[in-house]
Amino acid sequence: QVQVVESGGGLVQAGESLRLSCTASGLPYGKAMGWFRQAPGKEREPVACIDWHGYTKYYPQSVRGRFTISRDNGKDTMYLQMNSLEPDDTAMYYCAADLAILTMFVCQSSQDSTYWGQGTQVTVSS
């Protein structure tokens with residue numbers, strides 16, 4: 001059974017940085033992971049995804065150049081470095097393990113096989 005736990009959210013001012021961490025214990029070899037976020041009244045969206053080896057990464061235009069995803073498989077941990085945060089980045093951020101599709105242009109979770117964490121709140125004040 002895969003257990004997913006996020007940490008690192010908080011309240012920051014616009015322009016500041018945060019680093020999120022996600023530990024996915026029991027994740028089988030080769031599985032892609034990602035960060036998704038959901039703001040009040042909006043659908044959950046991917047903000048950064050990474051394959052097992054870190055060769056393929058996905059970022060939507062809204063965060064490209066500001067967010068950086070990485071992972072350390074030896075520690076079962078994935079990270080999201082968020083710089084130059086904006087009020088529009090305010091959301092609950094979720095870690096997802098075992099994605100359905102990952103390319104440079106698409107990141108999708110699976111209703112059947114993706115494991116989710118409980119989420120960590122990121123709030124950016126203006």
**Prompt:** With no hydrogens and no angle check, is any side-chain donor or acceptor of Glu6 less than 3.5 Å from a backbone partner on Cys95?
**Reply:** yes

**Request:** Examine distances only and state if a side-chain atom of Arg71 and a backbone atom of Asp51 form a donor-acceptor pair shorter than 3.5 Å.
**Result:** yes

**Request:** Give the intermediate values and the outcome of side chain to side chain contact (heavy atoms under 4.5 Å, CB included) for residues Glu16 and Leu85.
**Result:** CA-CA 6 Å; Glu16 294 185 340; Leu85 282 162; 5.6 Å; no

**Asked** For Leu27 and Met33, what are the C-alpha separation, side-chain angles and deciding distance, and is it a side chain to side chain contact (heavy atoms under 4.5 Å, CB included)?
**Response** CA-CA 10 Å; Leu27 185 66; Met33 297 180 68; 3.7 Å; yes

**Request:** Side-chain contact test, heavy atoms from C-beta onward, threshold under 4.5 Å: evaluate it for Tyr58 versus Ile69 and give yes or no.
**Result:** no

**Prompt:** Name the one of Gln121, Arg37, Gln118 that satisfies side chain to side chain contact (heavy atoms under 4.5 Å, CB included) with Met92?
**Reply:** Gln121

**Asked** About how many Å separate CG of Leu80 and OG1 of Thr120, when rounded to the nearest 0.5 Å?
**Response** 11.0 Å

**Request:** Return yes when atom CD of Glu45 has more than 12 non-hydrogen atoms of other residues, nucleotides or ligands closer than 6.0 Å, and no otherwise.
**Result:** yes

**Asked** Hey, is the main chain of Tyr79 close enough, under 3.5 Å, to the side chain of Ser21 for a donor-acceptor pair?
**Response** no

**Minimum-distance pair of heavy atoms, taken over all atoms of Ile50 and Ser70** = CD1-CA, 3.8 Å

**Asked** Could you give the distance from NZ (Lys31) to OG1 (Thr114), rounded to the nearest 0.5 Å?
**Response** 9.5 Å

**Asked** Backbone N or O of Val124 within a donor-acceptor pair of the Thr90 side chain at under 3.5 Å?
**Response** yes

**Prompt:** Can Tyr59 and Arg66 be said to form a side chain to side chain contact (heavy atoms under 4.5 Å, CB included), step by step?
**Reply:** CA-CA 10 Å; Tyr59 301 101; Arg66 300 188 298 120; over 6 Å; no

